[in-house]
Amino acid sequence: MANERYNAREAEIRWQQTWDSQKIFKTENDDPRPKYYVLEMFPYPSGRIHMGHVRNYAMGDVVARFKRAKGFNVLHPMGWDAFGMPAENAAMQNKVHPKDWTYENIATMRSQLQLMGLSLDWDREFATCDVDYYHRQQKLFLDFVEKGLAYRKNAKVNWDPVDQTVLANEQVIDGKGWRSGAEVEQRELTQWFFKITDFAEDLLSEIDHLDRWPDKVRTMQRNWIGKSEGLQARFELTEAAINGDTDIEIFTTRPDTLFGASFMGLSADHPLTKALAKDNAELQVFIEECHKSGTSAAELETAEKIGFDTGLTVKHPLDETITLPVYVANFILMDYGTGAIFACPAHDQRDLDFARKYGLTVTPVVLPKEADAQSFTIEKEAYTGEGTIFNSQFLNGMSIEEAKNAVAQKLESVTINGKPQASRKTQYRLRDWGISRQRYWGCPIPMVHCDECGVVPEKSENLPIQLPDDINFDKPGNPLDRHPTWRQCACPKCGKDALRETDTMDTFVDSSWYYARFTAPWEDSPTDKKAADEWLPVDQYIGGIEHAILHLLYSRFFSRAMRETGHLSVKEPFKGLFTQGMVVHETYKGEDGRWVSPAEITIKESDNQRSAIHNETGESIAIGSIEKMSKSKKNTVDPTDIIESFGADTARWFMLSDSPPERDVIWTEAGAEGAHRFVQRVWRLTQDAQDFLQGSTPDKPEQLSKDALELRKAVHKALAAVESNIEQLGFNRAVAQIYQLVNSVASAAKPQKLESDPSLAWAVDEAMEILIQMLAPMMPHLAEECWSHLSKDGLVSTKNWPQVDSKMLVEDEITLPIQINGKKRGELTIAADADKADIEKAVLESEPVIKALDGKAPRKVIVVPKRIVNVVV
RNA sequence: GCGGGCGUGGUGAAAUAGGUAAACACAGCAGACUUAAAAUCUGCCGACUUAGGUCUUGCGGGUUCAAUUCCCGCCGUCCGCACCA
C-alpha cells in the first residue's frame with residue numbers, strides 16, 4: 001500500500017468531535033481516584049489567542065493528559081479573565097458595548113482554543129464578567145467586610161491620569177501606570193482596601209514551604225513583603241511642639257548606632273511637619289518642593305537630599321546631655337515606619353549625604369574588624385558592614401547584634417510620659433491592597449451610601465448588584481457615576497433613599513479566586529467547601545513570570561481570607577508553580593524603516609548567510625533583533641494560520657521541543673516545518689508497521705533475537721526517561737527522547753529484517769504501541785489516528801500509561817571510558833557487574849594503558865564501577 | 001545601589017550525585033531516487049591538524065585522579081526591587 005500523507009486538519013477535527021461526543025474530559029467531583037488539579041493562567045479575552053497561549057496551554061495539556069494516563073482524576077478547566085480596561089477602550093473607540101466586545105472575543109478565542117485539542121472540561125467554563133461569577137465575588141466582599149478584611153479609608157493613592165483610575169502599589173512600575181504608562185499622580189481619595197497586611201507574616205513564612213515554586217518568584221515575593229525587624233522609639237522634645245507633641249516616634253533597624261545619631265528627620269507629610277507649617281510660610285514652600293519631585297527611578301537616582309531645620313531639638317534617649325536638631329527631609333517616606341527617623345550619617349548613605357550638605361556631625365560607632373579606632377573616619381561612603389561598637393559608652397566592645405539587644409532592653413524598661421520609651425517592632429513594606437477602581441467594566445462593590453447610616457453593606461439577598469447595560473462612554477471618567485438611575489437604591493439598614501457605591505473592583509480581585517470557583521462553578525455560594533477542599537490546592541499552576549508578584553500574591557491572600565470566612569480550608573492555593581518563557585520572533589524592517597510582518601517576507605539561506613525580501617515589492621528587508629511577539633513590531637504569528645497549514649499537533653510539538661520551557665522560545669518557520677516533518681514521519685512509520693502487521697498482534701515469542709532485545713531496551717529506556725522528564729516538566733528533554741526512539745524504531749522496522757524475525761515483529765508492535773502512548777499527551781490527534789490505524793483498542797486518550805519493564809533498563813555488558821591522567825584514551829567493554837578488581841585488571845591489560853605506562857607501575861588507579869576508570873601515570 | 005538568574009558548535013540545546021562535552025533537533029554541505037522539483041533515504045557537520053594527535057563549555061585563578069558542574073575574582077547579559085530608616 002502506498003503511503004499517504006497525514007491530513008492533520010481533517011483528522012484533528014474528527015478526533016476532537018470523538019472526544020467531545022464521548023465527554024472523555026469531563027471531570028466528576030466524586031471520584032475515588034486520587035485527584036490532580038492542573039491549571040494554566042486563564043486568558044484575558046483580548047480578541048484572538050496568540051502563540052504565548054499555545055505554549056502555555058500545550059504544556060498544561062501534556063501534564064493533564066499524562067496525569068490522567070497515570071490514573072489520576074484530573075481537573076483541567078478553562079475560563080476567562082474578562083473584566084478590564086481594554087473593553088472600555090474599545091467601547092470608546094469603536095462604539096461597541098464592553099459586554100458585546102468581551103463575549104464576542106470569548107467566542108472567537110474559545111473556538112481557537114478548541115482547535116488545539118486541549119483536554120479541558122468545558123462544562124466548568126465561566127467568565128469573570130458573568131453575573132453568576134461576580135455575584136459570588138460580591139458575596140465574598142461582604143464576608144470580608146464583616147471580618148474586617150475589607151475596609152474603607154482615606155488614603156493617598158496612585159492616580160493614573162490617562163486611565164482615570166486608582167492603581168495599587170503593585171501596579172505602579174517606575175512611577176508609571178502598569179497599563180497606560182502614564183506618570184502616576186498622588187491624590188487623596190476614600191477607597192476600599194483589602195487587609196493583606198494582616199497576613200504579611202504568614203504570607204512571608206509560608207514561602208519557605210512552597211518548594212515546588214521557582215526560587216526567583218519566592219525571592220521576589222519575599223522582597224515585596226519586605227520584612228524588617230527593629231525598634232520603635234520615642235525621642236523626647238526639649239520643649240513641647242506647637243501642636244502639643246512632647247516626643248517624636250521613630251522606627252529604626254539600627255538601634256546599635258544610636259550614639260552615632262546626629263539629627264532627627266521628619267517626612268514632609270508627617271503630622272508634626274503639617275502642624276509646624278501652619279504658620280510657617282517657608283516650611284510650606286519646602287513641603288511643596290518635596291511633593292514636586294517625582295518618584296521615578298531616574299529622578300530618585302539624581303534627586304538631591306534637601307532638608308528644612310525646624311528649630312526643634314530632642315534629647316538623646318541614652319544620654320540626656322546630648323540634643324539633636326529636628327529637620328524635615330525630602331527622603332523620608334510617610335508610609336513606612338512612623339514617617340520619622342533618627343539619622344546616623346556614619347552608617348547610612350542617605351543620612352551621610354544629608355549631613356555633609358548641612359554640616360552636621362558624623363560620628364562613626366561601628367569599627368570594622370581591621371580598622372584602627374583612632375584613625376577610622378568616614379569620608380564619602382557610609383560604612384554599613386560588620387564590626388565592633390565604639391564611641392558608644394556602655395555599648396563599646398559589643399557586636400552589632402549585642403548592641404541592638406542592649407539598646408532595646410534598656411529603652412523598653414524606661415518610661416517617658418508614662419509610656420515605655422521603645423518597643424521592638426516588625427515592619428513590612430507590604431501595604432494593604434487598594435481595590436477601588438473608577439471604571440464601569442468591573443465587579444460593582446456592593447456597598448451603599450446612606451445620609452443617615454453612613455456606608456452600609458448591601459444585604460446578601462439583594463445580590464447580585466448588576467452592572468447596567470445602558471451606559472455611554474461620551475465623556476471620560478466612570479459612566480456609573482453619570483447613570484441616571486443606577487445609583488439610586490434603598491438603604492439596606494433604614495430603607496430610606498440612598499446611593500450605591502460606583503467604584504468597581506480591581507480586576508485582580510476576579511483572578512484571585514477563580515481557581516477555587518472551578519471546583520464547583522455551579523454553586524450558589526462562592527464555593528462548595530467540600531469540593532474546594534477536595535480539589536485544592538492546585539497541584540500544578542502554569543503561567544507567565546509577569547505575575548510573580550501581583551496575581552500570585554493576591555491569590556495567596558485570597559485563599560487565606562476565604563479560609564477565614566469559611567469558604568475553603570487551604571492556606572496556599574498553588575502547590576506547584578511553573579513560570580514558562582515567552583514566545584519570541586525575529587523582527588523585520590523595510591527600507592523605509594517600517595515594521596514588516598513575517599508573513600510578508602521570504603527568507604533565503606545559504607552558507608550561514610540569511611537575507612530577506614518582501615514577497616510583493618521585492619525590496620530587501622532588514623532582519624532585526626529577536627523580540628517578544630507584539631502587534632506593534634508586527635512580529636506575531638497567528639496560531640490559527642499555523643493550525644490551518646500544519647495542524648495543532650505540529651504547533652504543540654514545536655512549542656514543546658528544543659527550548660527548555662522556562663526559557664524563551666524562538667518561533668521560526670523552519671522549526672515549524674521541522675516539527676511537521678516529524679508528524680509525517682511518525683505517520684509513515686505507523687503505516688509501514690500496519691502494512692506489515694496487518695492489524696494482528698504477533699504472539700509473544702519465547703526468545704528475543706538480538707535486534708528485538710535491543711529495540712525493547714531502547715523502548716523501555718525511552719519510556720522511563722520520558723516519564724521522568726514529563727514529571728519534571730522537562731518537555732524538551734522528553735521530546736528528544738522520543739526523537740531518538742523513533743530513529744531506533746525506524747531502523748529496526750525494516751521489512752527484510754521483520755520477515756525473517758518473528759520476535760522482532762512482536763517487539764516493533766510493542767514499540768509502536770508505547771511510542772504512540774508517549775506521543776499522546778503532546779500530539780493527541782496524531783496519536784489517536786495512529787492508534788486506530790494499528791487497530792489498537794479504544795481511544796489512546798483514555799488508556800493507562802504503559803509500564804516500564806525494568807529488566808530492560810539493565811545492561812549486562814557496559815563500555816567504560818578509560819582515562820589516562822584525566823583524558824580519555826580508550827574504552828573497555830566489560831560485564832556490568834564486574835567488581836573494581838576485575839575492572840582494574842582489565843584496564844591495566846588494555847592497549848592504551850600498556851602504551852602509556854611503558855613498563856612502569858601506575859601511580860594511582862581510580863575505578864568508579866559503571867562510570868569511569870582513570871589511570872594516573 | 002541591593003537581590004537573583006544566565007553565558008556550551010552556524011542556531012535551539014543535552015549532559016542523574018564531580019565521571020566519555022556537544023545527545024536530539026534546526027540550518028548547511030555532499031550523494032541516491034526523480035525528466036524536474038518537492039517529499040524521502042544515506043553520509044558529513046566544534047576548532048586546529050604534519051592524520052598521530054592537540055585544543056575546546058565567557059575570562060583568570062583554585063580544589064580534585066577527574067570541573068560545563070564545586071569555590072574565589074573579573075567580564076558580559078537579562079530580570080526583579082529601589083530614598084523601606
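The model shown is predicted, which means the values in this text are computed figures rather than measured ones. Basis for what follows: all heavy atoms, side chains included, without hydrogens, waters or symmetry-related copies. The chains referred to below are lettered A, B, ... by the order of the sequence lines, with proteins before strands, and numbering in each begins at 1.
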Polar side-chain atom of A/His547 near backbone of A/Leu552 as donor-acceptor pair, under 3.5 Å: no

Under a 90° cut-off about 0 for the syn range, is B/rA17 syn or anti? syn

Taking atom C1' in both B/rU50 and B/rU63, what distance in whole Å separates the two? 37 Å

Is any side-chain nitrogen or oxygen of A/Tyr336 closer than 4.0 Å to OP1 or OP2 of B/rA85? yes

Fit a plane to each ring of A/Tyr358 and A/Phe354, take the angle between them on a 0 to 90° scale, and name the class: parallel (under 30°), tilted (30 to 60°) or perpendicular (over 60°). tilted

Search all heavy atoms of A/Leu352 against all heavy atoms of A/Pro345 and return the closest pair with its distance. CB-O, 3.2 Å

Touch check for A/Gln819, heavy atoms < 4.0 angstrom, all strands: base, sugar-phosphate only, or nothing? base

So what does A/Phe251 touch, heavy atoms closer than 4.0 Å: a base, only the sugar-phosphate, or nothing? base

Determine the contact category for A/Ser228: base if any of its heavy atoms lies under 4.0 Å from a base atom, sugar-phosphate if only primed atoms, P, OP1 or OP2 are that close, otherwise nothing. sugar-phosphate

Strictly distance-based, threshold 3.5 Å: is any side-chain N or O of A/Gln421 a donor or acceptor partner for the main-chain N or O of A/Leu411? no

Distance under 6.0 Å and angle within 45° of ring axis: A/Arg429 vs A/Trp224: yes

Does a side-chain N or O of A/Lys860 approach OP1 or OP2 of B/rC65 to a distance below 4.0 Å, or not? yes

When you measure from the side chain of A/Arg677, which nucleotide among B/rU20, B/rU40, B/rC81 comes out closest? B/rU40

A/Glu401 backbone acceptor or donor facing A/Asp256 side chain under 3.5 Å: no

Suppose you measure atom P in B/rC59 against the same atom in B/rG10; what distance do you get, rounded to whole Å? 14 Å

Nearest to the side chain of A/Gln740, which nucleotide is it out of B/rA23, B/rC84, B/rG19? B/rA23

Tell me whether B/rG62 sits syn or anti, counting syn as a glycosidic angle within 90° of 0. anti

G-U wobble or Watson-Crick pairing nucleotide for B/rA39 (cut-off 3.5 Å, both distances): none

Whole Å only: how far is the CD1 atom of A/Ile225 from the C1' atom of B/rG80? 15 Å

Grab the CD1-C1' distance between A/Ile868 and B/rA15 for me, whole Å please. 13 Å

Using Watson-Crick geometry (N1-N3 plus N6-O4 or O6-N4) or G-U wobble (N1-O2, O6-N3), each under 3.5 Å, B/rU54 is paired with B/rA47

What interatomic distance, in whole Å, is found between C1' of B/rU57 and the corresponding atom of B/rA15? 11 Å

Hey, is the main chain of A/Met778 close enough, under 3.5 Å, to the side chain of A/Arg652 for a donor-acceptor pair? yes

Taking only the side-chain nitrogens and oxygens of A/Arg5, find out if one of them lies under 4.0 Å from OP1 or OP2 of B/rU40. no

Ignoring the backbone of A/Ile341, work out which of B/rC81, B/rA85, B/rG80 is nearest its side chain. B/rA85

Return the pairing partner of B/rC70 with a 3.5 Å limit on both distances, Watson-Crick or G-U wobble; otherwise return none. B/rG62

Nearest-Å distance once atom P is located in both B/rC24 and B/rA38: 26 Å

Are A/Arg222 and A/Asp208 ion-paired here, with the side-chain N under 4.0 Å from a carboxylate O? yes

If you measure from the P atom in B/rU20 to the same atom in B/rU69, how many Å do you get, rounded? 13 Å

Expressed in angstrom and rounded to an integer, what is the separation of A/Leu553 atom CG from B/rG80 atom P? 17 Å

Starting at CD1 of A/Ile626 and ending at C1' of B/rU77, how long is that distance when rounded to a whole Å? 15 Å

Sub-3.5 Å pairs of nitrogen or oxygen atoms, protein against nucleotides 53-56 of chain B:
unit_1, atom_1, unit_2, atom_2, d
B/rU54, OP1, A/Arg825, NH2, 3.2

Check the distance between B/rA85's C1' and A/Asp256's CG and give it to me in whole angstrom. 12 Å

Decide, yes or no, whether a salt bridge links A/Asp215 with A/Arg218 under the criterion of side-chain N to carboxylate O below 4.0 Å. yes

Gap in Å between the two C1' atoms, one belonging to B/rG12 and one to B/rG28, rounded: 15 Å

Please check: side-chain N/O of A/Thr273 versus main-chain N/O of A/Asp269, any donor-acceptor pairing under 3.5 Å? no

Determine whether more than 12 heavy atoms belonging to other residues, nucleotides or ligands lie under 6.0 Å from atom CZ of A/Arg859. no

For nucleotides 11-14 of chain B, tabulate all protein N/O to nucleotide N/O atom pairs closer than 3.5 Å, reporting atom names and distance.
unit_1, atom_1, unit_2, atom_2, d
B/rG12, O2', A/Ser659, OG, 3.0
B/rG12, N2, A/Asp658, OD1, 2.9
B/rA14, OP1, A/Asn732, ND2, 3.0

Expressed as a whole number of angstroms, how long is the span from A/Trp653:CH2 to B/rC24:C1'? 10 Å

Under 3.5 Å, which donor-acceptor pairs do the side chains of residues 656-667 of chain A form with other protein atoms, sequence neighbours left out?
unit_1, atom_1, unit_2, atom_2, d
A/Ser657, OG, A/Trp653, O, 2.4
A/Asp664, OD1, A/Met582, N, 2.9

Looking at B/rU20, I'd like to know if its phosphate oxygens (OP1 or OP2) sit under 4.0 Å from a side-chain N or O belonging to A/Asn870. no

Lys/Arg N to Asp/Glu carboxylate O, A/Lys425 vs A/Glu229, below 4.0 Å: no

Of A/Asn223 and A/Asn743, whose closest RNA chain B nucleotide lies nearer the 5' terminus? A/Asn223

Heavy-atom nearest nucleotide on RNA chain B taken for A/Arg681 and for A/Ala736; more 5' hit belongs to A/Ala736

Taking a pair as Watson-Crick or G-U wobble with both distances under 3.5 Å, which nucleotide is matched to B/rC2? B/rG80

Between atom CZ in A/Arg350 and atom P in B/rA82, what is the gap in whole Å? 14 Å

Residue matched to B/rC24 through Watson-Crick or wobble contacts both under 3.5 angstrom: B/rG12

May I ask you to verify if any side-chain N or O of A/Arg684 is less than 4.0 angstrom from the OP1 or OP2 atom of B/rA39? no

Counting the atoms with a prime plus P, OP1 and OP2 as sugar-phosphate, which does A/Val872 contact under 4.0 Å by heavy atoms, base, sugar-phosphate, or nothing? sugar-phosphate

In whole angstrom, what separates A/Arg867's CZ from B/rG18's P? 10 Å

If we take the C1' atom in both B/rA21 and B/rU56, what is their distance in whole Å? 9 Å

Which whole number of Å gives the distance between the C1' atom of B/rA82 and that of B/rG3? 10 Å

Is A/Ile818 touching bases, backbone alone, or none of the nucleic acid, heavy atoms closer than 4.0 Å? nothing

